[in-house]
Amino acid sequence: MSRYKSYHTIENLPNLIGQEVTLNGWVYDTTSKGKLQFIKLRDGSGIVQCVAFKQNISEETFETARSLTQESSVSITGTVKADERAENGVEIDVTGLKLWQLAKDYPITPKEHGIEFLMEHRHLWLRSSRQRAIMRIRAAVAKAIRDFFDGNGFRLQDSPILTPNACEGTSTLFSTEYFDLGNAYLSQSGQLYAEATAMALGRVYTFGPTFRAEKSKTRRHLTEFWMVEPEMAFFDLNDDMDLAEDMVEYIVQYALKTCQPELKIMGRDVSKLEAVRRPFHRMSYTEAVEWLNKNNVKLNKKNQDGTESQYDFPWGEDFGAPQEEAIMSQFDKPCIIHRYPSEVKAFYMKRDPENPKVALAMDMLAPEGAGEIIGGSQREDNYDLLLERIRHENLSEEAFQWYLDLRKYGSVPHSGFGLGLERTVKWISGAEHIREVIPFPRMIYRIVP
RNA sequence: UCCGCAGUAGCUCAGCCGGUUAGAGCAUCUGACUGUUAAUCAGAGGGUCGCUGGUUCAAGUCCGGCCUGCGGAGCCA
């Protein structure tokens with residue numbers, strides 16, 4: 001029994017048929033038919049139709065019901081009735097009505113709107129049933145992630161968000177002044193710090209916001225997004241891939257178990273999600289390149305005069321969206337591509353002892369065009385090789401002194417990966433655009449609301 | 001940053017080859033209706049045609065510049 005305030009919610013109404021309840025919420029839609037007023041009430045847990053019949057209630061209550069507008073806040077008292085005419089089998093026979101506030105000119109009508117308008121009203125758009133469904137799926141995916149790690153011996157260790165330097169030295173970072181210590185940067189990954197905490201606690205994960213100042217403008221990029229990054233001592237690349245598969249399977253199956261109504265609102269084909277069972281597909285980068293060339297997937301490259309030419313895909317080039325899409329078109333569940341050319345990968349990734357031209361890196365691509373949801377690797381654990389890579393990339397040796405220390409005092413093989421929360425939610429929910437799967441998206445041309 | 005597209009009522013859009021008073025549906029307001037689900041019916045109000053300069057007897061319409069946004073690429077989760 002909770003000691004804080006509790007009241008009836010709409011999702012629980014089927015258990016309360018015949019009882020009188022008071023519901024607190026907002027008017028989703030109204031329509032009238034003479035002496036009948038139909039009020040669709042939403043309370044965050046669901047929507048129920050409330051029927052106010054003039055002969056059953058006072059004149060004043062009926063007039064109040066008649067005056068209600070979209071998104072007015074109300075408490076409605078009435079009897080729960082099973083009714084076949086109702087959309088979800090239950091409706092409320094109104095006996096009492098308290099108006100908290102009459103909303104005037106709510107901008108988002110039940111009709112169609114353009115994306116620009118909706119984004120400007122994001123703070124209100126979240127109230128609509130489709131957006132609410134996405135946010136509930138997002139909450140479920142985040143819970144599944146935490147449950148999975150907490151239940152498998154991992155400890156949550158938060159990495160700092162303000163950092164003194166670029167983690168990977170490649171992406172553009174947001175910078176800010178940090179007292180007398182010069183510039184600080186918003187973290188684009190918690191991984192390097194997770195490596196340190198993994199050496200302290202064995203298996204850890206960080207789960208927090210990350211920031212990329214790149215001017216990406218696609219339906220799968222945000223400038224601020226949430227990422228979960230596990231880091232495991234004594235895990236090699238294969239252990240890392242096994243963990244990634246287990247985790248993604250768990251997340252998808254958890255969403256299926258707990259979010260059926262939401263997936264239905266989204267019109268999601270759940271059979272596609274049911275198919276997400278281990279083992280996933282795996283192929284090496286080299287095999288993927290062979291597959292691309294065997295299937296005649298060409299690489300488009302701009303010439304200097306602006307024209308485009310097509311080439312066979314050269315070994316050593318990184319995959320772009322067209323290559324990933326082509327590869328995934330043959331699969332109905334995720335695929336891990338591993339052992340990429342080390343030249344296109346970050347300095348901290350360990351090179352394959354059996355072939356130094358490739359790094360022990362892996363990406364997991366999701367099906368149905370969802371693209372890359374995971375990037376990970378086994379980390380370079382040899383002090384001299386890591387130092388060499390830092391120098392080769394022209395990174396500050398001094399700034400990475402603490403990171404090199406991890407290779408100096410009890411270095412062990414270790415691995416980890418990062419999973420993008422929004423990309424995962426986009427895939428599972430079937431949302432068209434990543435801006436719909438975070439309450440307040442931060443994008444190159446939008447920071448309001 | 002590059003390529004492409006758009007901006008007309010609160011919203012979604014139409015507006016022809018430049019032409020006389022700027023159009024529709026929805027939303028809003030008023031009225032009718034005991035079963036609506038994007039109700040229906042009758043009526044009403046609602047416009048700096050993104051901004052700016054130009055061409056023209058005449059510009060929402062043609063041309064230039066700017067602003068804002070959208071779609072995609074690259075980068076990546």
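A note on names: the letters A, B, ... follow the listed sequences, proteins ahead of strands, and every chain is numbered from 1.
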Provide, to the nearest angstrom, the distance between the [atom1] atom belonging to [X] and the [atom2] atom belonging to [N].
{"X": "Tyr340(A)", "N": "C76(B)", "atom1": "OH", "atom2": "C1'", "answer": "12 Å"}
{"X": "Ile47(A)", "N": "U37(B)", "atom1": "CD1", "atom2": "P", "answer": "16 Å"}
{"X": "Ile444(A)", "N": "C76(B)", "atom1": "CD1", "atom2": "P", "answer": "17 Å"}
{"X": "Arg212(A)", "N": "G74(B)", "atom1": "CZ", "atom2": "P", "answer": "16 Å"}
{"X": "Leu102(A)", "N": "U28(B)", "atom1": "CG", "atom2": "P", "answer": "12 Å"}
{"X": "Leu36(A)", "N": "U34(B)", "atom1": "CG", "atom2": "P", "answer": "8 Å"}
{"X": "Asp83(A)", "N": "G35(B)", "atom1": "CG", "atom2": "C1'", "answer": "9 Å"}
{"X": "Phe53(A)", "N": "U36(B)", "atom1": "CZ", "atom2": "C1'", "answer": "14 Å"}

Shorter than 3.5 Å, N or O on both sides, protein versus nucleotides 66-73 of chain B: list them out with atom names.
unit_1, atom_1, unit_2, atom_2, d
G69(B), OP1, Tyr445(A), O, 3.0
G69(B), O2', Glu116(A), OE1, 3.1
G71(B), OP1, Arg435(A), NH1, 3.0
G71(B), OP1, Arg435(A), NH2, 2.6
G71(B), OP2, Arg435(A), NH1, 3.3
G71(B), O3', Arg219(A), NH2, 3.3
G71(B), N7, Lys217(A), NZ, 3.4
G72(B), OP1, Arg219(A), NE, 2.2
G72(B), OP1, Arg219(A), NH2, 2.1
G72(B), N7, Lys217(A), O, 3.4

Using a cut-off of 4.0 Å on non-hydrogen atoms, how would the nucleic acid contact of [X] be classed: base, sugar-phosphate, or nothing?
{"X": "Glu91(A)", "answer": "base"}
{"X": "Leu421(A)", "answer": "nothing"}
{"X": "Asp363(A)", "answer": "nothing"}
{"X": "Ser32(A)", "answer": "base"}
{"X": "Gly371(A)", "answer": "nothing"}
{"X": "Gln49(A)", "answer": "base"}
{"X": "Phe417(A)", "answer": "nothing"}
{"X": "Phe117(A)", "answer": "sugar-phosphate"}
{"X": "Lys40(A)", "answer": "base"}
{"X": "Gln70(A)", "answer": "nothing"}

Distance between [atom1] atoms of [N] and [M] (Å, rounded):
{"N": "G53(B)", "M": "A14(B)", "atom1": "P", "answer": "28 Å"}
{"N": "G50(B)", "M": "U28(B)", "atom1": "C1'", "answer": "25 Å"}
{"N": "U12(B)", "M": "C67(B)", "atom1": "P", "answer": "23 Å"}
{"N": "G23(B)", "M": "A9(B)", "atom1": "C1'", "answer": "10 Å"}
{"N": "A58(B)", "M": "U21(B)", "atom1": "C1'", "answer": "16 Å"}
{"N": "C2(B)", "M": "G45(B)", "atom1": "P", "answer": "49 Å"}
{"N": "U40(B)", "M": "C26(B)", "atom1": "C1'", "answer": "15 Å"}
{"N": "C70(B)", "M": "A24(B)", "atom1": "P", "answer": "31 Å"}

With a 3.5 Å cut-off and no angle check, do the side chains of [X] and [Y] form a donor-acceptor pair?
{"X": "Gln131(A)", "Y": "Glu436(A)", "answer": "yes"}
{"X": "Trp315(A)", "Y": "Thr286(A)", "answer": "yes"}
{"X": "Thr197(A)", "Y": "Glu231(A)", "answer": "no"}
{"X": "Tyr285(A)", "Y": "Asp363(A)", "answer": "no"}
{"X": "Thr64(A)", "Y": "Arg66(A)", "answer": "no"}
{"X": "Ser75(A)", "Y": "Asn24(A)", "answer": "yes"}
{"X": "Gln253(A)", "Y": "Glu249(A)", "answer": "no"}
{"X": "Thr77(A)", "Y": "Thr22(A)", "answer": "yes"}

How do Asp318(A) and Asp105(A) order along RNA chain B: which one's closest nucleotide is nearer the 5' end?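 The residue closer to the strand's 5' end, by nearest nucleotide, is Asp105(A).
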Toward the 5' end of RNA chain B, which comes first, Thr30(A) or His221(A), by nearest nucleotide? Thr30(A)
When the ring centroid of Phe347(A) is compared with that of Phe400(A), is the distance short of 6.0 Å? yes
Centroid separation under 6.0 Å, is that true for the rings of Phe149(A) and Phe207(A)?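 That pair fails the under 6.0 Å test.
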What residue pairs, at least two apart or across chains, pass salt bridge (Lys or Arg N to Asp or Glu O under 4.0 Å) with a residue in residues 20-38 of chain A?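 Salt bridge (Lys or Arg N to Asp or Glu O under 4.0 Å) check on residues 20-38 of chain A returns no pairs.
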Out of A77(B), U36(B), U28(B), minimum distance to the side chain of Ile434(A) belongs to A77(B)
Testing His121(A), Glu71(A), Gln70(A), Arg132(A) one by one against Arg127(A) for a side chain to side chain contact (heavy atoms under 4.5 Å, CB included), which residue passes?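 Among His121(A), Glu71(A), Gln70(A), Arg132(A), the one that satisfies the side chain to side chain contact (heavy atoms under 4.5 Å, CB included) with Arg127(A) is Glu71(A).
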Could you check whether the side chain of His113(A) and the base of C11(B) have a donor-acceptor pair of N or O atoms closer than 3.5 Å, going by distance alone? no
Kindly say if Lys33(A) contacts the phosphate of G35(B), meaning a side-chain N or O under 4.0 Å from OP1 or OP2.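 So the side-chain polar atoms of Lys33(A) do come within 4.0 Å of the phosphate oxygens OP1 or OP2 of G35(B), strictly under.
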Which dot-bracket string fits RNA chain B when only Watson-Crick or G-U wobble pairs with both atom distances under 3.5 Å count, crossing pairs get [ ], and | stands for a partner on a different strand? (((((((..((((.....[...)))).(((((.......))))).....(((((..]....))))))))))))....
